[in-house]
Participant: 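Take a look at this one; I'll ask things after.
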Amino acid sequence: MTPQDNRDLFAIADLAREFGISTRAIRFYEAKGLLAPERVGATRVFRRRDRARLILILRGKRLGFSLRDISDYLSLYDANRTQQVSLLIGKVDERLASLETQLEDLQTTISELKEIKKLADDRLDKAG
DNA sequence: ATTCTTACA
DNA sequence: TGTAAGGA
């Protein structure tokens, strides 16, 4: 409305709509300490800062990090930029290692299934 | 209508 | 996290 006004003020429903998540999820993140929106009475008022943090939360989730990991990372958002980067590197390495293990396990499972299928197909040929 | 908290699944 | 309940 006003020319330079509340483009940095968001209601919980605004963010929920924008990112396709529930208002419940946003409240949940706050309860876990990942978000700390201001309050006008009892109603939450989010600023660009909170929105930026939410984006980081969602990205972290998408990459498979726990809310705890994301929380630890966000906690250093203000002060230790360097420490934050170090933590990030550690978590990323951890995640990468985990994914690589999972990938190996999946490849093993895929190979086993293919072998089973091959044997089963052979039996079908001999029989049918 | 919308949001808030609490509690249970 | 969804859903329900009871208020503001």
Side-chain angles (χ1 to χ4, degrees):
Chain A
M1 301 287 117
T2 50
Q4 73 305 324
D5 73 348
N6 55 352
R7 291 178 185 175
D8 54 325
L9 297 183
F10 311 84
I12 190 170
D14 297 330
L15 296 179
R17 192 181 327 112
E18 179 177 3
F19 299 112
I21 59 180
S22 64
T23 54
R24 176 75 177 83
I26 295 175
R27 295 192 186 98
F28 184 75
Y29 300 151
E30 178 184 351
K32 291 299 182 183
L34 307 215
L35 249 28
E38 291 167 30
R39 297 276 186 153
V40 171
T43 301
R44 279 166 262 252
V45 174
F46 300 77
R47 312 193 84 96
R48 286 186 166 163
R49 194 156 195 304
D50 303 304
R51 182 172 170 285
R53 289 174 69 94
L54 180 55
I55 289 175
L56 290 178
I57 293 171
L58 297 178
R59 177 191 292 171
K61 281 196 55 183
R62 177 159 45 75
L63 295 177
F65 292 103
S66 67
L67 287 184
R68 185 52 198 285
D69 286 340
I70 299 171
S71 177
D72 293 338
Y73 175 72
L74 254 26
S75 294
L76 303 175
Y77 201 83
D78 309 297
N80 311 285
R81 188 81 20 165
T82 300
Q83 195 179 319
Q84 181 181 42
V85 174
S86 298
L87 177 71
L88 178 62
I89 292 175
K91 290 302 180 183
V92 167
D93 285 341
E94 211 172 84
R95 182 62 181 149
L96 238 28
S98 174
L99 285 173
E100 282 167 6
T101 294
Q102 287 184 55
L103 180 57
E104 287 169 16
D105 290 344
L106 282 173
Q107 293 175 325
T108 296
T109 299
I110 288 174
S111 293
E112 288 179 21
L113 288 173
K114 284 185 175 177
E115 183 58 28
I116 289 175
K117 179 175 174 52
K118 176 189 296 178
L119 294 175
D121 283 340
D122 289 346
R123 289 190 195 178
L124 259 186
D125 289 337
K126 268 194 269 184

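Below, chains carry the letters A, B, ... as their sequence lines are ordered, and counting in each starts from 1. Quick caveat: nothing in here was measured; it's all calculated off a predicted structure.
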Participant: What does C:dA8 pair with, Watson-Crick or G-U, if both distances are under 3.5 Å?
Facilitator: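 B:dT2 is the nucleotide pairing with C:dA8.
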
Participant: Closest heavy-atom contact between A:Asp50 and A:Arg47?
Facilitator: OD2-N, 2.7 Å

Participant: Distance check needed: B:dT2 C1' versus A:Phe46 CZ, whole Å only.
Facilitator: 14 Å

Participant: What is the separation between atom CD on A:Glu30 and atom P on B:dT3, rounded to the nearest whole Å?
Facilitator: 14 Å

Participant: Below 4.0 angstrom from OP1 or OP2 of B:dC4, is there any side-chain N or O of A:Arg44?
Facilitator: yes

Participant: Would you kindly give the CD1-to-P distance between A:Ile26 and B:dT3, to the nearest whole Å?
Facilitator: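 Computing the A:Ile26:CD1 to B:dT3:P distance gives 10 Å.
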
Participant: A:Arg39 has a side chain; which of B:dT3, B:dC4, B:dA7 sits nearest to it?
Facilitator: B:dC4

Participant: A:Lys91 and A:Phe65: which non-hydrogen atoms are nearest, and at how many Å?
Facilitator: O-CE2, 3.4 Å

Participant: In this structure, would A:Val92 and A:Leu67 fall into the same cluster of hydrophobic residues linked by side-chain contacts under 4.5 Å?
Facilitator: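 Same cluster: A:Val92 reaches A:Leu67 through Ile, Leu, Val, Met, Phe, Trp or Tyr contacts under 4.5 Å.
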
Participant: Answer with yes or no whether A:Arg24 presents, from its side chain, a donor or acceptor under 3.5 Å of a partner atom in the base of C:dT3.
Facilitator: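 A donor-acceptor contact between them is present.
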
Participant: Check this one for me: any side-chain N or O of A:Arg27 less than 4.0 Å away from OP1 or OP2 of B:dT3?
Facilitator: no

Participant: Quick one: A:Leu15 CG to B:dT2 C1', roughly how many Å, whole number?
Facilitator: 15 Å

Participant: Are A:Asp122 and A:Lys126 ion-paired here, with the side-chain N under 4.0 Å from a carboxylate O?
Facilitator: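 Looking at A:Lys126 together with A:Asp122, the answer is no, because their closest N to O distance does not fall below 4.0 Å.
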
Participant: Looking at A:Thr43, I'd like to know whether one of its side-chain N or O atoms comes within less than 4.0 Å of OP1 or OP2 on B:dT2.
Facilitator: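 Answer no for this pair, as no side-chain N or O of A:Thr43 is under 4.0 Å from OP1 or OP2.
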
Participant: Describe the nucleic acid contact of A:Thr23 in one word from base, sugar-phosphate, nothing, applying a heavy-atom distance below 4.0 Å.
Facilitator: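 The residue A:Thr23 makes no contact with any strand.
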
